[in-house]
Amino acid sequence: MKKLSLVLVILLLNISVLSCSVKEDVEIPEQYNATHIQMEYSQMDYEIAEIINDYRALKGLSKLNILVEASKEAFLHNLYMVEKGEASHDYFFERLENLKKNVNAKSVSENVGFGYSSAQSIVNAWLKSENHRKNIETPEFTDLGISSKEDQNGRHYFTNIFVKR
């Protein structure tokens with residue numbers, strides 16, 4: 001009888017372990033669940049978009065249009081980064097999937113940053129980084145989402161999402 005009880009316990013433990021999935025183990029932060037966002041762009045957001053588009057023009061690349069849906073994703077990610085207190089690409093897969101579903105995005109990439117005090121300084125930092133510059137210079141991208149957010153200590157957080165539709 002003891003053997004049978006032990007076998008049952010082991011079987012139950014194995015079943016419960018096997019039923020878990022990676023998706024279940026990842027708890028998406030609450031701010032990613034916001035559905036109705038009225039996007040408002042700051043002066044810095046417009047400056048970042050303008051600097052990026054001017055740079056692309058110098059490289060013979062097409063201008064990127066500001067895409068509200070991508071900006072909403074950038075805005076939500078900035079809320080997350082401000083709460084966390086650091087720049088990250090956490091939950092990029094959520095932004096990617098949302099943009100695939102909502103705007104039929106074919107390709108999505110992002111640049112993030114924090115601590116810079118002006119549009120020019122954050123774009124300069126991105127241009128000095130090979131991977132960030134590659135996102136800015138990718139000819140296939142058609143749109144961008146942009147958001148900057150200041151935390152309570154005056155530090156700015158930035159998310160720039162590039163989209164090919």
Side-chain angles (χ1 to χ4, degrees), residues 22-23 26-34 37-165:
V22 173
K23 200 72 163 162
V26 175
E27 187 174 317
I28 305 302
E30 189 175 321
Q31 54 265 45
Y32 284 102
N33 295 322
I37 299 168
Q38 181 65 38
M39 238 359 258
E40 293 183 23
Y41 296 95
S42 69
Q43 183 62 38
M44 191 178 300
D45 296 336
Y46 285 121
E47 289 174 14
I48 291 169
E50 182 178 7
I51 293 166
I52 287 172
N53 277 326
D54 288 349
Y55 176 83
R56 286 177 60 90
L58 289 173
K59 296 288 185 182
L61 301 168
S62 63
K63 176 183 172 183
L64 300 174
N65 300 304
I66 295 177
L67 181 62
V68 173
E69 289 299 324
S71 294
K72 288 178 181 180
E73 296 294 329
F75 173 78
L76 292 172
H77 187 59
N78 278 344
L79 292 178
Y80 169 79
M81 291 192 302
V82 165
E83 184 177 304
K84 190 174 178 186
E86 64 185 53
S88 76
H89 293 284
D90 293 354
Y91 307 105
F92 175 74
F93 68 93
E94 285 292 318
R95 294 184 289 289
L96 170 67
E97 290 304 314
N98 288 342
L99 290 167
K100 282 182 175 180
K101 180 177 74 174
N102 295 327
V103 298
N104 199 29
K106 306 291 184 233
S107 178
V108 177
S109 190
E110 76 179 6
N111 290 347
V112 300
F114 77 107
Y116 295 90
S117 59
S118 71
Q120 190 66 62
S121 63
I122 186 64
V123 175
N124 286 346
W126 286 333
L127 291 174
K128 288 178 185 174
S129 161
E130 183 179 345
N131 289 334
H132 292 99
R133 185 178 59 253
K134 192 180 294 185
N135 289 338
I136 292 171
E137 293 178 351
T138 298
E140 293 80 19
F141 287 132
T142 54
D143 305 284
L144 66 84
I146 187 67
S147 177
S148 59
K149 172 89 173 130
E150 189 175 348
D151 71 10
Q152 61 191 14
N153 299 319
R155 275 197 323 189
H156 289 90
Y157 290 77
F158 305 90
T159 301
N160 189 193
I161 298 178
F162 300 89
V163 178
K164 174 188 174 187
R165 292 195 288 166

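Note: hydrogens, waters and symmetry copies are ignored here, and every other heavy atom, side chains too, is used. Residue numbers start at 1 and run along the sequence shown. Since we're looking at a predicted model, the values are computed, not measured.
- Counting all heavy atoms, side chain and backbone alike, Gly113 lies closest to Ile122 at CA-CD1, 4.0 Å.
- The residue from Asn135, Asn131, Asn160 that alone fulfils the side chain to side chain donor-acceptor pair (under 3.5 Å) condition with Asn111 is Asn135.
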Exercise. Can you check side-chain hydrogen bond (donor to acceptor under 3.5 Å, both in side chains) on Ser121 and Asn124, steps first, answer last?
Worked result: CA-CA 5 Å; Ser121 63; Asn124 286 346; over 6 Å; no

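- For the atom pair CZ (Arg155) and CE (Met81), the distance works out to 10.5 Å, reported to the nearest 0.5 Å.
- For the atom pair Phe162 CZ and Glu137 CD, the distance stands at 10.0 Å (nearest 0.5 Å).
- Remark: side-chain polar atoms of Arg95 are not paired, donor with acceptor, to backbone N or O of Leu76 under 3.5 angstrom.
- Contact annotation: the side chain of Ile146 never approaches that of Tyr46 to less than 4.5 Å [non-hydrogen atoms, C-beta and beyond].
- Using a 4.5 Å heavy-atom cutoff, the side chains of Phe92 and Glu110 are in contact.
- Listed here is the closest heavy atom pair of Ile161 and Ala74: CD1-N, 3.6 Å.
- Across Val103 and Arg165, no two heavy atoms sit closer than the pair O-CD, 3.3 Å.
- Side-chain contact between Asn53 and Leu64: present, with at least one pair of heavy atoms (C-beta onward) separated by less than 4.5 Å.
- In terms of heavy-atom proximity, Asn78 sits nearest to Phe158 at OD1-C, 3.5 Å.
- A heavy-atom distance below 4.5 Å is not found between the side chains of Val123 and Tyr55.
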For this session: Just do the side-chain contact (heavy atoms from CB on, under 4.5 Å) check on Ile66 and Leu144 with the steps written out, would you?
Result: CA-CA 5 Å; Ile66 295 177; Leu144 66 84; 4.2 Å; yes

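- For the pair Glu130 and Arg133, the salt-bridge criterion is not met [side-chain N within less than 4.0 Å of a carboxylate O].
- Note that CD1 of Ile136 and NZ of Lys134 are 13.0 Å apart. Values are rounded to the nearest 0.5 Å.
- Within the 4.5 Å cutoff, no side-chain heavy atoms of Trp126 are placed close to those of Ile51.
- Considering only heavy atoms from C-beta on, Tyr80 comes within 4.5 Å of Asp90 through its side chain.
- Counting heavy atoms from C-beta outward, Ser88 and His77 have side chains that approach closer than 4.5 Å.
- Each of Lys101, Lys100, Lys106 was checked for a side-chain contact (heavy atoms from CB on, under 4.5 Å) with Asn104, and the lone residue meeting it is Lys106.
- Distance check, rounded to the nearest 0.5 Å: CD of Glu69 to CG of Asp143 gives 11.5 Å.
- Here the straight-line distance linking atom NE2 of His156 with atom OH of Tyr116 works out to 14.0 Å at 0.5 Å rounding.
- Glu73 is not listed as a side-chain neighbour of Val108, based on a closest heavy-atom distance of 4.5 Å or more.
- Leu67 contributes atom CG, which lies 11.0 Å from atom CE of Met39 (distance to the nearest 0.5 angstrom).
- The two residues Pro139 and Ser62 have their closest heavy-atom pair at O-OG, 4.5 Å.
- Of the possible donor and acceptor atoms, one in the side chain of Asp151 sits under 3.5 Å from a partner among the backbone N and O of Asn153.
- Val163 and Ala105 get closest at one heavy-atom pair: CG1-CB, 3.7 Å.
- Within a 6.0 Å radius of CZ in Phe141, more than 12 heavy atoms belonging to other residues, nucleotides or ligands are found.
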